[in-house]
Amino acid sequence: MTFKYDHKKIETKWQKYWLTKNVFAAVDKSAKPKYYCLIEFPYPSGDGLHVGHLRSYTALDILARKRRMQGYNVMYPIGFDAFGLPSENYAIKTGIHPQTTTENNIKIFTRQLQAMGFSFDWQRAVTTTDPKYYKWTQWIFLKMYEKGLAYKAKIPINWCLSCKIGLANEEVVNGRCERCGGPVEKRQKEQWLFKITDYADRLLEDLDSVDYLERIKIQQQNWIGRSEGAEVNFQVIANGAKQFHKEEDKIASSAVPPRNDNLTVFTTRPDTLFGATFMVIAPEHPLILNLKNQISNLKEVEKYIAVAKKKSDLERTEVNKEKTGLELKGLMAINPVNNKEIPVFVADYVLISYGTGAIMAVPAHDQRDFEFAKKYGQPVTQVIEPTNGSGKKIDLKTEAYEEVNEGVMINSGRFNGLSVGKCINEITAWLAKRGVGRPAVNYKLRDWIFSRQRYWGEPIPIIYCRKCWEAKTQNSKSSAKGGPQPEADAPLVHASSGKSQSQEGVDYVLINGQEYAIIPLPENYLPLELPKVKSYEPTDSGESPLAAIADFVNTRCPFCGGQAIRETDTMPNWAGSNWYFLRYADPDNNKALADKKNLAYFLPVDWYNGGMEHTTLHLLYSRFIYKFLWDLGAVPESCGPEPYQKRTSHGMVLGSGGEKMSKSRGNVVNPDQVVAELGADTLRCYEMFMGPFDQAIPWDTKGVIGVRRFLEKVWQTFQSLISQKLSVVKGEKLMPLLHRTIKKVSADIESQDYNTAISALMIFINQAAADGLDKKTGETFLKILSPFAPHLVEELWQQLGHKRSIIQEPWPEFDEALAQNKEIELVIQINGRVKDKMIVPADINEQRAEKLALDRPKVLSQLAGKQIKNVIFIPGRLINFVV
RNA sequence: GCCGCUGUGGUGAAAUUGGUAUACACGCAGCACUCAAAAUGCUGUGAGCGCAAGCUCGUGUCGGUUCGAGUCCGACCAGCGGCACCA
């Protein structure tokens, strides 16, 4: 294809102009209303910019440019989320410091982004690996610790065998590492956690106040997974003590009763309590350890637990896996509603990480319990009967009856005859009154594991001091509780009871069997910079490469001056991206993460676009951190409780075969190449034209040509106008189309229907190329084209004799009256089928239309010999004869 | 299994929300320009029947509501995405 305009010359010219005149800078103190457009800042990978990035950046660039023309002080910032594994792995292979790699990649990304003509405010660019930036990431950590929301605990973590790194629950996909796809196993490890579960309710409720795509809201809701129900206490007795569970029996006996315990379960179906015929606890449940002397088949039980523990997440979650379990012989539980003794099982289908790690099994009304009961010969007691005439069937030979919305209670003592819904409330109240239960809420959301055993991340600003611990325990020796020694298999922390190992207000950790006080680094010690290392290789023992650097690890305690040890874990790569959008408001501040006046002006983000894959990771995390900073007062109250007013998501750009783009498939499209061959304007428009913005679309190399042809046509039409070669039509003819185009393009940018916006622009230029164009109409058209193809438009705008950049022009208003055509094509239908069309005045009335229609020979021949029963007239559209 | 989304030409897809199905673009075919090709321009392009005017069918399948259904209702089928033994 030979070109009529030189995209290289034009695009570099205007990119230089924008950059040197700094036209896209957001103004800190402006009388104008602000508008904050945000895209997810990229990780500067060695592969360079991906065409998928461009989809998101182009979309919001179009919005940013339109908002500027609408009179807003727009902030459209960019930065780099530069901590992360690829640079570190590259360092392991090559010995090149991640810092060096990062700097080089940022240069490449910067060049690529500028070559696209995005209207970023480059002066606000932030980089998460810059100590001046991560000083504040560390500061946030200290504040989290200060407020009791960061704690250290020994927990089973998801350990990726190939990355040699601990993963957050959110980073494990189908039992595999989200990053490398490798297998993940459970390991016990001391980790830093953030108590995101404290914010679960607010993260859920506040979704009502924001404008997110519905599917994003739903995904967040499901991830938080709130469910309401009740906690119920079951007393557990050992067989030897069986006869003592009534007070009078106990007194009558002289024998020492064996140890009893309580087993608390969480259930969403307290109505089915009378149908609970056995209990099941998770293999990790502490009850087993506590009552191990009472379990007569302990050997077998321990064997079962050992097998269960060895199973990876992948095996444990395998679909349709047959349930396994084992009865804890010697133990019985007492159902608090009817005092029936029921057996207790251990089984790995019960998860320690949800609820209380124990369940009451109701085989008649829960399919999982039903399967388990069938296999292990447990009784099935029906307590709900479908109402007569409801059409619901119950067949307890084949499956459980799980219907909640329908049915009445039976076999349930005083609750018989109640509806299921009513019973849930009443039985919960009854349990609470008797002190054996209470209403309870549970979440699927887990606390957020915030430690990584890696080099290339923010160091955690914590040190451990033995001397401070000794001083503290000596002071409080009189009250002498002594640190409870956590056992090797300590009860696991779960969401509802996550706690640090805290004692007397001083948190401690165990290092080589000795207690050390946890000392948060004082603020004036920040930033705690990453030291240089010789080897980036992570260790199999699971320690960060930082642990091998004596100069870093060994330090002095800032409080007592004694020998102290540094935390060597680093933060996950989400740490820097949690709050970067706040920093843009004031990127160079050294006294605070951002000045409050600037935050009050720019926040919240008005429109945030990013990938669906970040819905349960970055989006949820950053909402949490924002809420925390807002509670803290670091973000002004006037900014509101939510960081992002609006959140949308773009569809992935796939390879031409419809498969994901990847190096191994060899179907990666390099944006540099497209920019070089066809220009940035073409690439921008194609990214928007290729299909609906929120859907995944395959790249079509041939399709790009069509967009370039469109821009060529624009160029040529305006060249004719400029040289007056084109027949100049005095406005009128194009006017209705122009105003319809303004209307369509304006609305489509707001609803992200960029593909139809471009189609409308194409229709206009096709018409203009055929009919001719006057200067005023042409200029209006350039304004609405400018967000899509800014370089080309600036050039034409200048050639038309304008001194000022088109970005200073106001966005065109459309006039509904002018958008109307004077004449329309009226469709004539017979029995709803199109038979003829006629050109009529737009405001034609029914009588006139009917008369005209009945004059037409085609209509007459179709109606011959038939009787018109009814006439339906839709003004401006059609007339339909019913015969 | 649960939640969500999507099924329209050879292809990417439009359709003012119940009113001309296939806009816009790619591809393909024919013609023009050319020694030739590329590029460009014009014309055609859902399927079937017909020399033709025209007729019939047609938006995953089956059924319903309506003067009129891609759009609304009911029952299915297929594909994609998320969650998944969550008590």
Side-chain angles (χ1 to χ4, degrees), chain A residues 1-4 173-174 213-219 221-223 225-227 229 265-269 272 280 282 316-323 347-351 353-362 365-369 371-372 442-445 495 612-613 615-616 651-652 656 658 686 689-692 694-707 709-710 712-713 716 740 743-744 747 753 755-763 766 769 825-837 858 861 869-874 876-883:
Chain A
M1 164 167 197
T2 51
F3 299 133
K4 299 224 163 57
V173 178
N174 291 332
L213 284 185
E214 204 51 36
R215 62 192 168 125
I216 295 175
K217 281 192 186 181
I218 289 167
Q219 223 170 291
Q221 282 159 3
N222 291 345
W223 191 263
R226 182 181 202 271
S227 49
V265 301
F266 172 75
T267 177
T268 54
R269 297 293 305 277
T272 61
V280 190
R316 272 186 75 157
T317 56
E318 229 174 305
V319 208
N320 293 335
K321 194 193 66 175
E322 196 175 320
K323 292 177 180 36
D348 66 3
Y349 82 92
V350 173
L351 309 174
S353 54
Y354 185 78
T356 62
I359 61 156
M360 61 176 202
V362 186
H365 305 290
D366 182 287
Q367 189 58 26
R368 294 158 303 176
D369 299 343
E371 284 162 25
F372 194 84
N442 254 282
Y443 300 94
K444 290 187 201 171
L445 186 67
M612 259 333 259
E613 70 275 21
T615 302
T616 49
M652 269 201 292
S656 43
Y686 177 66
F689 184 63
M690 62 197 300
D694 58 355
Q695 274 175 39
I697 306 286
W699 184 271
D700 179 6
T701 313
K702 281 183 178 150
V704 191
I705 298 288
V707 173
R709 285 191 192 133
F710 156 63
E712 290 276 310
K713 200 175 246 180
Q716 233 190 326
R740 281 203 300 275
K743 184 181 179 180
K744 176 104 184 110
D753 294 310
N755 52 335
T756 51
I758 292 191
S759 152
L761 293 165
M762 286 173 168
I763 290 170
N766 287 345
E825 195 183 51
L826 193 79
V827 168
I828 305 166
Q829 296 183 335
I830 292 169
N831 286 344
R833 315 197 62 126
V834 181
K835 293 295 172 189
D836 200 5
K837 296 162 193 176
K858 261 191 202 172
S861 68
K869 280 196 216 149
N870 196 8
V871 179
I872 289 150
F873 177 72
I874 309 291
R877 227 173 262 288
L878 60 80
I879 184 159
N880 184 17
F881 297 100
V882 184
V883 296

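Residue numbers begin at 1 in each chain, while the letters A, B, ... track the order of the sequences.
- Side-chain contact check for Asp694(A) versus Arg215(A): some heavy-atom pair is nearer than 4.5 Å.
- Place Lys858(A) and Arg215(A) on RNA chain B by their nearest nucleotides, and Arg215(A) ends up nearer the 5' end.
- Contact annotation: the side chain of Glu371(A) never approaches that of Tyr349(A) to less than 4.5 Å [non-hydrogen atoms, C-beta and beyond].
- Within the 3.5 Å criterion, the main-chain N or O of Thr756(A) finds no donor-acceptor partner in the side chain of Asp753(A).
- In this structure, Asn831(A) reaches the sugar-phosphate backbone alone: every heavy-atom distance under 4.0 Å involves primed, P, OP1 or OP2 atoms, never a base.
- Per the geometry, CG belonging to Asp753(A) stands 13 Å off C1' belonging to U17(B), to the nearest Å.
- Using Watson-Crick or G-U wobble geometry with both donor-acceptor distances under 3.5 Å, U17(B) finds no partner in any strand shown.
- Checking G9(B) for Watson-Crick or G-U wobble geometry (two distances, each under 3.5 Å) identifies no partner in any strand.
- If you measure from atom CD of Glu712(A) to atom P of U40(B), you get 8 Å, rounded to the nearest angstrom.
- Not a single donor-acceptor pair under 3.5 Å links the side chain of Glu825(A) to the backbone N or O of Lys837(A).
- Residue Thr615(A) is out of contact with every strand shown, counting any heavy-atom pair closer than 4.0 Å.
- Rounded to whole Å, the distance from CG on Asp694(A) to P on G82(B) is 16 Å.
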Polar atom pairs between nucleotides 21-30 of chain B and protein, under 3.5 Å, N or O only, would you list them?
{"residue": "C24(B)", "atom": "O4'", "partner": "Ser759(A)", "partner atom": "OG", "Å": "3.3"}
{"residue": "A25(B)", "atom": "OP1", "partner": "Asn766(A)", "partner atom": "ND2", "Å": "3.0"}
{"residue": "C26(B)", "atom": "OP1", "partner": "Arg709(A)", "partner atom": "NH1", "Å": "2.4"}

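- At a threshold of 4.0 angstrom between heavy atoms, the contacts of Lys744(A) with the nucleic acid are absent.
- Using the six-membered ring where Trp is involved, Trp699(A) and Tyr686(A) have ring planes that are perpendicular, over 60° apart on the 30 and 60° scheme.
- Between Arg833(A) and the phosphate of C57(B), there is a side-chain N or O to OP1/OP2 separation shorter than 4.0 Å.
- Across all strands, Ile697(A) comes closer than 4.0 Å only to sugar-phosphate atoms, never to a base (heavy-atom distances).
- Glycosidic conformation, G10(B): anti, with the torsion outside 90° of 0.
- Pair assignment for A87(B) gives none, since no Watson-Crick or G-U wobble pairing has each distance under 3.5 Å.
- One donor-acceptor pair, N or O on each side, does fall under 3.5 Å between the base of U20(B) and the side chain of Glu825(A).
- As rounded to the nearest Å, G70(B) and G60(B) have C1' atoms that lie 12 Å from one another.
- Regarding Ile828(A), its CD1 atom lies at a distance of 19 Å from the P atom of G68(B), rounded to whole Å.
- Atom pair Leu761(A):CG and A14(B):C1' shows a separation of 15 Å (rounding to whole Å applied).
- Met360(A) is listed as a side-chain neighbour of Thr267(A), based on a closest heavy-atom distance under 4.5 Å.
- Here Ile218(A) lies in heavy-atom contact (under 4.0 Å) with sugar-phosphate atoms only.
- Lys743(A) has its side chain out of reach of Arg740(A): every pair of non-hydrogen atoms, C-beta onward, lies at least 4.5 Å apart.
- Across the P atoms, A14(B) and C24(B) are found 14 Å apart, a figure rounded to whole Å.
- Of the nucleotides present, U40(B) is the one that pairs with A32(B) by Watson-Crick or G-U wobble criteria, both distances under 3.5 Å.
- Judged by distance alone with a 3.5 Å cut-off, no donor-acceptor contact links the side chain of Arg740(A) to the base of U16(B).
- As the counterpart of G68(B), no nucleotide is assigned, since no Watson-Crick or G-U wobble pattern has both distances under 3.5 Å.
- Inter-residue side-chain proximity for Lys444(A) and Tyr354(A) is flagged as met; some heavy-atom pair is nearer than 4.5 Å.
- Rounded to whole Å, the distance from CG on Asp366(A) to P on A84(B) is 18 Å.
- Comparing the C1' positions of A23(B) and G48(B) gives an interatomic distance of 25 Å, to the nearest angstrom.
- Remark: the separation of the P atoms in U34(B) and C49(B) is 39 Å, to the nearest Å.
- Contact annotation: the side chain of Met690(A) never approaches that of Val704(A) to less than 4.5 Å [non-hydrogen atoms, C-beta and beyond].
- Nucleotide G74(B) has C62(B) as its partner under the Watson-Crick or G-U criteria, with both atom distances under 3.5 Å.
- Nucleotides C76(B) and C3(B) are separated by 13 Å at their P atoms, to the nearest Å.
- Residues Lys837(A) and Lys4(A) both approach RNA chain B. Their nearest nucleotides, taken by heavy-atom distance, put Lys837(A) toward the 5′ side.
- C28(B) and A37(B) are spaced 16 Å apart, taking the P atom of each and rounding to whole Å.
- Classification of U6(B) as anti follows from a glycosidic angle more than 90° from 0.
- Taking atom CG on Leu878(A) and atom P on G18(B), their separation rounds to 15 Å, with Å as the unit.
- Look at CE on Met360(A): it is 20 Å from P on C85(B), rounded to the nearest Å.
- Within the 3.5 Å criterion, the main-chain N or O of Ala361(A) finds no donor-acceptor partner in the side chain of Asp366(A).
- Between C62(B) and A69(B), the distance separating the two C1' atoms is 16 Å to the nearest Å.
- Base-pair partner of A23(B): not found among the strands shown (Watson-Crick or G-U wobble, both distances under 3.5 Å).
- In this structure G81(B) sits in a base pair with C3(B), meeting the Watson-Crick or G-U test at under 3.5 Å.
- Using P as the reference atom, G4(B) and C73(B) are 14 Å apart when rounded to the nearest Å.
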